[in-house]
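Take a look at this one; I'll ask things after.
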Amino acid sequence: MRYWLFKSEPSCFSIKDLANCTGHRNHWDGVRNYQARNMLRDDIKIGDHVFFYHSSCLVPGIVGTMEVVKAGYPDFTAWDPESEHFDPKSTPENPRWYMVDVRLIGQFERPFSLQAIKQNPKLQDMVIVRPGNRLSITPVTKEEWREVTRWCREY
DNA sequence: GCCAACGTTGGC
DNA sequence: GCCAACGTTGGC
């Protein structure tokens with residue numbers, strides 16, 4: 001089993017939005033970056049665990065955990081002209097973008113903030129804190145997963 | 001294949 | 001809103 005971190009702007013899709021989904025599950029759509037696409041398509045498998053990260057908000061940080069319930073398949077929102085993630089270059093015959101389905105495991109009682117990540121010596125190598133990192137999907141090590149979850153109570 | 005211009009991300 | 005650090009685009 002592998003570990004990941006998925007970023008989302010809470011104004012777009014927050015952990016509460018996921019909690020409100022039927023079965024606490026939804027597809028993770030809208031990723032439009034090739035490196036992240038490759039991970040969604042090739043590397044992220046059923047049963048993998050995922051941190052939910054809120055970006056571009058008051059307190060950026062990890063807000064909970066999820067589990068992958070469906071491995072990579074074409075992101076159909078790219079085919080919908082009404083979608084804000086519409087991409088005319090992606091077609092059902094030749095899909096350009098991929099997504100996975102996730103299910104909420106738990107929300108943290110309080111966010112494990114970006115500031116806390118930066119201050120923790122064991123988390124210095126997290127991809128999320130590397131300068132200039134902009135990937136919305138990044139791998140997390142087992143040690144990093146343990147270190148974060150060890151501080152967080154979930155509900 | 002190079003590279004300048006441009007767009008996007010995301011913390012601050 | 002600023003800006004650094006990327007990724008993408010497209011002319012050549």
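Throughout, a chain's letter reflects where its sequence line sits, starting with A, and its residues are numbered from 1.
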In this structure, how many angstroms lie between the P atom of B:dG10 and the CZ atom of A:Arg130, rounded?
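From A:Arg130 CZ to B:dG10 P: 16 Å.
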Is it true that a side-chain atom of A:Lys45 and a backbone atom of A:Asp42 form a donor plus acceptor pair closer than 3.5 Å?
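Judged by distance alone, yes, a pair lies under 3.5 Å.
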What integer distance in Å separates A:Asn33:CG from B:dG7:P?
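It works out to 18 Å between those atoms.
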Rounded to whole angstrom units, what separation is found between the CG atom of A:Asn133 and the C1' atom of B:dC12?
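Atom-to-atom, A:Asn133 to B:dC12, this comes out as 16 Å.
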Any chance you could pull the hydrophobic cluster mates of A:Tyr53, using side-chain heavy atoms under 4.5 angstrom and chaining through other members?
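Members besides A:Tyr53, by chain and number: A:Met1, A:Tyr3, A:Leu5, A:Phe51, A:Ile62, A:Phe108, A:Phe112, A:Leu114, A:Ile117, A:Leu123, A:Met126, A:Ile128, A:Val129, A:Val140, A:Trp145, A:Val148, A:Trp151.
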For A:Leu5 and B:dG10, give me the distance from atom CG to atom P, rounded to whole Å.
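These atoms are roughly 11 Å apart.
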Residues from residues 83-97 of chain A sitting under 4.0 Å of DNA chain B, heavy atoms only?
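DNA chain B contact set from residues 83-97 of chain A: none.
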Interatomic distance, A:His54 NE2 vs B:dG10 C1' [rounded to whole Å]
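Taking atom C1' of B:dG10 as the reference, NE2 of A:His54 is at 15 Å.
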The side chain of A:Lys118 is closest to which nucleotide in this list: C:dG7, B:dG11, B:dG10?
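Looking only at heavy atoms from C-beta outward on A:Lys118, the closest nucleotide is B:dG11.
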Can you find a side chain N or O atom of A:Lys7 that sits less than 4.0 Å from OP1 or OP2 on B:dT9?
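So the side-chain polar atoms of A:Lys7 never come under 4.0 Å of the phosphate oxygens OP1 or OP2 of B:dT9.
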Could you state the atom-to-atom distance from OH of A:Tyr53 to C1' of B:dT9 in whole Å?
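About 11 Å, once rounded to whole Å.
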Not counting sequence neighbours, which residues clear salt bridge (charged side-chain N to carboxylate O under 4.0 Å, His left out) with A:Glu67? List them please.
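A:Glu67 satisfies salt bridge (charged side-chain N to carboxylate O under 4.0 Å, His left out) with A:Arg103 only.
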Keeping the roles fixed (side chain from A:His54, backbone from A:Pro111), state whether a donor-acceptor pair exists under 3.5 Å.
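Side chain of A:His54 to backbone of A:Pro111, a donor-acceptor pair under 3.5 Å: no, none is there.
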Full working for side-chain contact (heavy atoms from CB on, under 4.5 Å) between A:Phe6 and A:Ser136
CA-CA 6 Å; A:Phe6 291 4; A:Ser136 63; over 6 Å; no
Is the phosphate of C:dT9, meaning OP1 or OP2, less than 4.0 Å from a side-chain N or O of A:Tyr34?
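Checking A:Tyr34 against C:dT9: no side-chain N or O falls below 4.0 Å of OP1 or OP2.
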I want to verify a distance call: between C:dG7, B:dG10, B:dC12, whose nearest atom is closest to the A:Leu114 side chain?
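Closest of the options to the side chain of A:Leu114: B:dC12.
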Nearest-Å distance, CG (A:Leu135) to C1' (B:dG11)?
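The answer, rounded to whole Å, is 16 Å.
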Taking atom P of B:dC12 as reference, at what distance in whole Å does atom CD of A:Glu9 sit?
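So the CD-P distance, A:Glu9 to B:dC12, works out to 15 Å.
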Quick check on side-chain contact (heavy atoms from CB on, under 4.5 Å): which of A:Arg37, A:Arg32, A:His27, A:Arg96 does A:Asp75 satisfy it with?
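Between A:Asp75 and the candidates, side-chain contact (heavy atoms from CB on, under 4.5 Å) is satisfied uniquely by A:Arg32.
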Could you check whether the rings of A:Phe76 and A:Tyr73 sit parallel, tilted or perpendicular, using 30° and 60° as the cut-offs?
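A:Phe76 vs A:Tyr73 ring planes: tilted.
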